[in-house]
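These notes are about the structure you will find just below.
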2 protein chains.
Amino acid sequence: MGRQDGPVLDDQVCFALYAASRAVTALYRPLLDDLGLTYPQYLVLLALWERDELTVTDLGRSLQLDSGTISPLLKRLEKLELVRRERRSDDERSVRVALTERGDALRAKAVPLPGLVGDAMGLDGAELDELRDTLRELTESVNAYRERL
Amino acid sequence: MGRQDGPVLDDQVCFALYAASRAVTALYRPLLDDLGLTYPQYLVLLALWERDELTVTDLGRSLQLDSGTISPLLKRLEKLELVRRERRSDDERSVRVALTERGDALRAKAVPLPGLVGDAMGLDGAELDELRDTLRELTESVNAYRERL
DNA sequence: CATAACTGAGTTGTGCACAACTTAATTTCG
DNA sequence: CGAAATTAAGTTGTGCACAACTCAGTTATG
């Protein structure tokens, strides 16, 4: 198995990563539906629950997403009245994103999610930690590689 | 670090997975641009290079994608003249997808990709194998969990 | 201090993902 | 057989992702 005369789908780490990521998102979906959130919206709220009042750029750095993805996403969160957006007075280019009361309150409902999803992954705590660390190294390595084209 | 009084973004395996998957796709992007392909299109061709003449359903099972994603994707690959689509005569509901000459020829250009991407990941062969296996188990476990809601 | 360079956010356009739905073909069963 | 259930593929609508772009505000420089 492995290299026959070209790349094989199931041998690819990249495909395993792609499939795993989508499976986990799909697991979150019905749970997040109850909170009225999509998965990326949940990630934005996670960042804000951890530290409120971030700029759009801060959020982009945290989630590794650009403004083209985040701006419309924040617009939808604002329409849901989960976040507020306001231009910073000391730098009018910058927009501060803050939780509303509703956005803050949603945190309590989200507390059980990570445990539930962790269980579904079928790995114990140590394995999850190791996997997370491996994935972080991989991401950093790949992004460094991309920098130098 | 870890559990303070709610989920924390960087502790989440799910986020590490999401970030890693996007980083790897982003690494593929400029390489696949040279072949005129997107990453999901590349995955479809990988499946067809491995075994030509698959139905739309077969492809969906292989990539774990539904017809709503694959149908328009195949339409684009057909417009690029990389695949042909034809109804099966023995079951007119079914559509057989086959490589064109151009689609088959593209395989040669794709051969170096997995090696390159593997290097960029900064893990040795054994680590990559282990990661792939862990991800496959995780995916299977998560999907089994989803089945029983 | 003027203007060139840069920065932060947002817009536009393309291509996934996926839920929900439609349509046509096939299979199952009363 | 013939109606009901099932299956395969495709369509529609929403929300990411991301490249390429615009525009306003800020900083740097001659």
Side-chain angles (χ1 to χ4, degrees), chain A residues 15 18-30 32-33 36-45 54-80 82-83 85-97 143 146, chain B residues 15 18-30 32-33 36-45 54-80 82-83 85-97 143 146:
Chain A
F15 175 67
Y18 166 77
S21 177
R22 282 177 27 247
V24 170
T25 303
L27 174 59
Y28 267 105
R29 192 167 296 115
L32 289 174
D33 275 350
L37 296 174
T38 66
Y39 183 66
Q41 289 167 6
Y42 167 68
L43 294 179
V44 165
L45 291 184
L54 294 168
T55 64
V56 173
T57 302
D58 292 335
L59 281 168
R61 222 189 320 275
S62 295
L63 305 188
Q64 300 169 39
L65 289 171
D66 75 353
S67 69
T69 300
I70 291 188
S71 285
L73 193 161
L74 289 173
K75 227 169 167 176
R76 287 184 284 269
L77 284 179
E78 193 174 39
K79 193 177 287 182
L80 294 169
L82 298 173
V83 305
R85 279 190 301 172
E86 49 196 12
R87 294 265 160 201
R88 282 174 49 174
S89 51
D90 59 329
D91 184 344
E92 292 280 348
R93 291 170 304 180
S94 220
V95 169
R96 199 194 315 277
V97 181
N143 284 333
R146 287 207 300 132
Chain B
F15 175 68
Y18 167 77
S21 178
R22 282 180 25 248
V24 170
T25 304
L27 173 60
Y28 267 106
R29 193 167 296 115
L32 289 174
D33 275 351
L37 295 174
T38 65
Y39 183 67
Q41 288 168 7
Y42 167 69
L43 293 179
V44 165
L45 290 184
L54 294 169
T55 64
V56 173
T57 302
D58 292 335
L59 283 169
R61 221 188 321 274
S62 296
L63 306 188
Q64 300 169 41
L65 289 170
D66 74 354
S67 69
T69 300
I70 291 189
S71 286
L73 192 162
L74 289 173
K75 230 169 165 176
R76 287 184 284 269
L77 284 178
E78 194 174 38
K79 192 177 288 182
L80 294 170
L82 297 173
V83 305
R85 280 189 300 170
E86 50 196 12
R87 294 267 160 198
R88 281 174 51 175
S89 51
D90 59 329
D91 184 344
E92 292 281 347
R93 291 172 304 180
S94 222
V95 169
R96 197 192 318 274
V97 181
N143 283 334
R146 287 206 299 133

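As a basis for the values below, the full set of heavy atoms in this structure was taken, side chains included, without hydrogen atoms, waters or symmetry mates. Labels below follow one simple rule: chain letters A, B, ... track the order of the sequence lines, proteins then strands, and each chain is numbered from 1.
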>> Any base atoms under 4.0 Å from B/I70, or only sugar-phosphate, or nothing? Heavy atoms, all strands.
In response: nothing
> Taking CZ from A/R88 and P from C/dT7, how many angstroms apart are they, rounded to a whole number?
Replying inline: 16 Å
> C/dG10 P sits how many Å from A/L77 CG, rounded?
Replying inline: 13 Å
>> So if I take every side-chain heavy atom of A/D91 and compare against C/dG10, C/dC16, D/dT26, which nucleotide ends up nearest?
In response: D/dT26
>> Over all strands shown, is A/R96 touching base, sugar-phosphate only, or nothing at heavy-atom distances under 4.0 angstrom?
In response: nothing
> Going by the angle between their ring planes, with limits at 30° and 60°, are B/Y28 and B/Y42 parallel, tilted or perpendicular?
Replying inline: tilted
>> With a 4.5 Å cut-off on side-chain heavy atoms, are B/L65 and B/L59 touching?
In response: no
> A/Q64 CD to D/dC16 P: how many Å, rounded?
Replying inline: 18 Å
>> Using the side-chain heavy atoms of A/R93, tell me which of these nucleotides is nearest: C/dC16, C/dC18, C/dT7.
In response: C/dT7
> If you look at every heavy atom in A/V97 and A/R85, which pair is closest and at what distance?
Replying inline: CG2-CG, 4.1 Å
> Taking OP1 and OP2 of D/dT11, is either one under 4.0 Å from a side-chain nitrogen or oxygen of B/K75?
Replying inline: yes
> If you take all heavy atoms of B/L80 and B/Q41, which pair is closest and at what distance?
Replying inline: CD1-OE1, 4.3 Å
>> Counting the atoms with a prime plus P, OP1 and OP2 as sugar-phosphate, which does A/T25 contact under 4.0 Å by heavy atoms, base, sugar-phosphate, or nothing?
In response: nothing
> Does the pair A/L63 and A/V44 meet the rule for a side chain to side chain contact (heavy atoms under 4.5 Å, CB included), with working shown?
Replying inline: CA-CA 8 Å; A/L63 305 188; A/V44 165; 3.5 Å; yes
> With a 4.0 Å cut-off on heavy atoms, is B/S71 in touch with a base, just the backbone sugar-phosphate, or nothing at all?
Replying inline: base
>> I want to verify a distance call: between D/dG10, D/dC18, C/dG15, whose nearest atom is closest to the B/R76 side chain?
In response: C/dG15
> For A/T69 and B/T55, take the nucleotide of DNA chain D holding the closest heavy atom to each; which residue's nucleotide lies nearer the 5' end?
Replying inline: B/T55
> In whole angstroms, how far is the C1' atom of D/dC23 from the CZ atom of A/R87?
Replying inline: 10 Å
> CG of A/L43 versus C1' of D/dG15: gap in Å, rounded?
Replying inline: 14 Å
>> Could you tell me how far apart A/L82 (CG) and D/dG15 (C1') are, to the nearest whole angstrom?
In response: 16 Å
> Starting at the 5' end of DNA chain D and moving along, which residue's nearest nucleotide shows up first, A/D90 or A/D66?
Replying inline: A/D66
> How do B/P72 and A/L74 order along DNA chain C: which one's closest nucleotide is nearer the 5' end?
Replying inline: A/L74
> With a 4.5 Å limit on heavy-atom distance, are the side chains of A/D66 and A/T69 in contact?
Replying inline: yes
> In terms of side-chain heavy atoms of B/L65, which of C/dG10, D/dT26, C/dC18 is nearest?
Replying inline: C/dC18
> If you look at every strand shown and take non-hydrogen atoms under 4.0 Å, does A/S67 touch a base, only sugar-phosphate, or nothing?
Replying inline: base
>> Just to be sure I understand the rule, does A/T38 reach a base, reach only the sugar-phosphate, or reach nothing, if contact means heavy atoms closer than 4.0 Å?
In response: sugar-phosphate
>> Closest approach to the side chain of B/Q41, judged atom by atom: which nucleotide of C/dC16, D/dA19, D/dG10 is it?
In response: C/dC16
> If you find the nucleotide of DNA chain C closest to A/R22 and the one closest to B/E92, which residue's nucleotide is nearer the 5' end?
Replying inline: A/R22
> Is any side-chain N or O of B/Y18 closer than 4.0 Å to OP1 or OP2 of D/dA17?
Replying inline: yes
>> What's the closest nucleotide to the side chain of B/V95 if the choices are C/dG10, D/dG10, C/dA17?
In response: D/dG10
> When the distance from CG of A/L73 to C1' of C/dT11 is rounded to whole Å, what number comes out?
Replying inline: 15 Å
>> Which nucleotide wins on minimum distance to the side chain of B/P40, given the candidates D/dA17, C/dT11, C/dC16?
In response: C/dC16
> Taking CG from A/L37 and C1' from D/dC16, how many angstroms apart are they, rounded to a whole number?
Replying inline: 14 Å
> What are the two closest non-hydrogen atoms of B/P30 and B/A26, and how far apart are they?
Replying inline: CD-O, 3.2 Å
